[in-house]
Amino acid sequence: MPELPEVETVVRALRPHIEGRVLESTEAYDPALLPGIKPLSLPAQVRRLARRGKYILIELEKGTLVVHLRMSGRLVWCKMGVPEGRVRLALRFPHGSLQLVDRRRLATVEFVKKFEKPLGPEPFGDLSWLLYALAKSRMPIKAWLLDQRKIAGIGNIYAAEILFRAGIDPRRPARSLTKGEVQRLVKAIPEVLEEAIAGRGTTLPDAEYRAPTGELGAFQVKLAVYGQKVCQACGTPIWRVKIAGRSTYFCPNCQR
DNA sequence: TCATCCCTGTGG
DNA sequence: CCACAGGGATGA
């Protein structure tokens, strides 16, 4: 469920609660998470809370607790008591606990000495490298943007929004993009993601995304194509196709 | 590069 | 009953 903007929102909201504080104990309610947290030695101070792609990095003294929320995971900060929903893991601090709530049980947690994942660059800063990278791939551009090894953090919603902003048909092979189209993409990627972060992410009508203190996202009202019936720009009916097994929304008029 | 699987719940 | 849901790892 959460893509980069949602994960970034979670990290920013959580940071003042746990950075510098001492993690005292953990309690796994889902046995599937036990192997991942076994190597964790406690108590340990939280040095830093960070994000890389869609991963949440809780950097401790002797390693990093790596959390991925996948489709339905949420991190909830609780001063006391328990949150609603299926709690899979609790991280206990003296002043409260951080709980992983996850309806579909797809979220992952693991403690590692060093964070190492095959992730592409962050989708910010100078993205001119896209010109060379895209020229090498026959993948549909939408599938390419979703591939975390190529560029980190973009998911199904924002891939659709980015391609709409750039005016590019998601089915186009990556290497078929003209220089001008890649330039539009280079501009659209950080623009869309930064606007979504400013809106504190997207909370869809039936979805459970919210920040750790319960705050809902606000970017859903700005979605141009994802989940839409007609194009917000030209009124043309939005097309929905499958690319790389995922629902893909686009405007056949605005995106060529 | 693609289908399949993981897991659970909801809605048609 | 089946399709679908914002994630990614895996093996063909």
Side-chain angles (χ1 to χ4, degrees), chain A residues 1-11 28-33 35-36 51-57 66-75 84-89 100-110 112 115-120 123 133-134 136-164 170-176 192-193 196-197 199-211 216-228 240-250:
Chain A
M1 161 221 91
E3 305 182 29
L4 185 153
E6 290 75 29
V7 175
E8 180 63 26
T9 301
V10 166
V11 165
Y29 301 93
D30 182 345
L33 294 180
R51 177 195 60 72
R52 174 77 171 96
K54 300 172 195 170
Y55 290 89
I56 296 163
L57 309 181
V66 181
V67 179
H68 197 300
L69 300 172
R70 298 287 191 103
M71 300 283 267
S72 58
R74 288 179 52 203
L75 285 178
E84 290 178 31
R86 188 189 296 243
V87 179
R88 299 183 67 203
L89 176 71
L100 174 63
V101 178
D102 181 19
R103 192 163 57 90
R104 287 170 69 181
R105 298 176 55 216
L106 290 168
T108 58
V109 178
E110 60 174 336
V112 295
F115 177 75
E116 287 286 352
K117 295 282 180 192
L119 293 178
L134 293 177
K136 290 187 292 190
S137 175
R138 295 185 244 241
M139 290 172 82
I141 182 61
K142 160 85 167 356
W144 196 96
L145 291 173
L146 288 178
D147 188 336
Q148 303 300 299
R149 296 166 302 186
K150 296 190 163 51
I151 187 166
I154 300 171
N156 207 34
I157 293 179
Y158 298 111
E161 296 301 309
I162 286 164
L163 287 169
F164 174 80
R171 302 168 296 181
R172 294 264 306 281
R175 62 192 234 179
S176 76
V192 168
L193 296 175
I197 291 170
R200 283 158 288 106
T202 297
T203 300
L204 263 22
D206 60 333
E208 41 215 316
Y209 169 72
R210 45 189 66 205
L216 301 178
F219 193 72
Q220 57 277 7
V221 300
K222 303 206 174 163
L223 294 177
V225 286
Y226 184 87
Q228 306 298 310
R240 181 180 170 178
V241 299
K242 284 272 185 210
I243 297 176
R246 318 290 301 276
S247 283
T248 301
Y249 298 84
F250 70 101

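Heavy atoms only: backbone and side chains are in, while hydrogens, waters and symmetry mates are out. Here is how names work: the chains are called A, B, and so on, in the same order as the sequence lines, proteins then strands, and each is numbered from 1. Only a predicted model underlies this, so the values are computations on that prediction, with no experimental measurement involved.
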Quiz item: Taking the side chain as C-beta and beyond, is there a heavy-atom pair between R103(A) and R86(A) under 4.5 Å?
Solution: no
Exercise. Check the distance between dC7(B)'s C1' and R74(A)'s CZ and give it to me in whole angstrom.
Key: 18 Å
Quiz item: Can you tell which of dG9(B), dG7(C), dA5(C) lies closest to the side chain of R70(A)?
Solution: dG7(C)
Quiz item: Counting only N and O atoms by type, is there a donor-acceptor contact under 3.5 Å from the side chain of E3(A) to the main-chain atoms of I157(A)?
Solution: yes
Exercise. Using whole Å, report how far CG of L106(A) lies from C1' of dA9(C).
Key: 12 Å
Quiz prompt | Protein-nucleotide distance (I56(A), atom CD1; dG7(C), atom P), rounded to Å | solution = 14 Å
Quiz item: To the side chain of R103(A), which of dC7(B), dC4(C), dG9(B) is closest?
Solution: dG9(B)
Quiz item: For the atom pair CZ (R74(A)) and CG (L69(A)), what is the distance rounded to the nearest 0.5 Å?
Solution: 10.0 Å
Quiz item: Is K136(A) near enough to dT1(B) that one of its side-chain N or O atoms lies under 4.0 angstrom from OP1 or OP2?
Solution: no
Practice problem: Would you mind classifying the nucleic acid contact of G245(A) as base, sugar-phosphate or nothing, using non-hydrogen atoms under 4.0 angstrom? | Solution: nothing
Quiz prompt | R240(A), nearest nucleotide to its side chain (from dT8(B), dC4(C), dG7(C)) | solution = dC4(C)
Quiz item: When rounded to the nearest Å, what value does the distance between P atoms of dG8(C) and dG9(B) take?
Solution: 22 Å
Exercise. Have a look at T202(A) and say if it touches a base, only the backbone sugar-phosphate, or nothing, with a 4.0 Å heavy-atom cut-off.
Key: base
Quiz item: If you measure from the P atom in dT1(B) to the same atom in dA5(C), how many Å do you get, rounded?
Solution: 23 Å
Quiz item: Within the pair S247(A) and dA5(C), is there a side-chain N or O less than 4.0 Å away from OP1 or OP2?
Solution: yes
Quiz item: Which is true for K117(A) with a 4.0 Å heavy-atom rule: it touches a base, it touches only sugar-phosphate, or it touches nothing?
Solution: nothing
Quiz item: Any side-chain N or O of R86(A) less than 4.0 Å from the OP1 or OP2 oxygen of dC7(B)?
Solution: no
Self-check item: Protein-nucleotide distance (K150(A), atom NZ; dG8(C), atom C1'), rounded to Å
Solution: 14 Å
Quiz prompt | From dC4(C), dT8(B), dG7(C), nucleotide with atom closest to R104(A) side chain | solution = dT8(B)
Quiz item: Separation of L204(A) atom CG from dG11(B) atom P, in whole Å?
Solution: 14 Å
Practice problem: Would you indicate what Y158(A) reaches in the nucleic acid, counting non-hydrogen atoms under 4.0 angstrom: base, sugar-phosphate, or nothing? | Solution: nothing
Self-check item: Out of dG7(C), dA5(C), dA9(C), whichever nucleotide has its closest atom nearest the side chain of Y55(A)
Solution: dA9(C)
Practice problem: Remember a base hit wins even if backbone is also touched, and classify R88(A) as base, sugar-phosphate or nothing at under 4.0 Å, heavy atoms. | Solution: nothing
Self-check item: Spacing between I157(A) atom CD1 and dA5(C) atom P, to the nearest angstrom
Solution: 11 Å
Practice problem: Look through every strand shown and name the nucleotide pairing with dC7(B) as Watson-Crick or G-U wobble, where both distances are under 3.5 Å. | Solution: none
Quiz item: Are R52(A) and L57(A) close enough that some pair of their side-chain heavy atoms sits under 4.5 Å apart?
Solution: yes
Quiz prompt | Interatomic distance where CG belongs to N156(A) and C1' belongs to dG8(C) [whole Å] | solution = 13 Å
Quiz item: If every non-hydrogen atom of V7(A) is compared with every non-hydrogen atom of K54(A), which pair is closest and at what distance?
Solution: CG2-O, 3.7 Å
Quiz prompt | Selection from dT1(B), dA5(C), dG8(C) that lies nearest to any side-chain heavy atom of R149(A) | solution = dT1(B)
Self-check item: Side chain of E3(A) (C-beta onward), nearest among dG7(C), dA5(C), dT1(B)
Solution: dG7(C)
Practice problem: Can you check whether any acceptor in the base of dC7(B) is under 3.5 Å from a donor in the side chain of R105(A), or vice versa? | Solution: no
Quiz prompt | From dG8(C), dT1(B), dC7(B), nucleotide with atom closest to K54(A) side chain | solution = dG8(C)
Quiz item: Of the nucleotides dT1(B), dG8(C), dA5(C), which one has an atom closest to the side chain of S137(A)?
Solution: dT1(B)
Quiz item: Have Y158(A) and T202(A) got a donor and an acceptor in their side chains that come within less than 3.5 Å?
Solution: yes
Self-check item: Distance-only side-chain donor-acceptor flag, T9(A) / R200(A), under 3.5 Å
Solution: no
Exercise. Could you work out which one of dC7(B), dT1(B), dC2(B) sits closest to the side chain of P140(A)?
Key: dC2(B)
Quiz prompt | Separation of atom CD1 in I243(A) from atom P in dC2(B), rounded to whole Å | solution = 10 Å
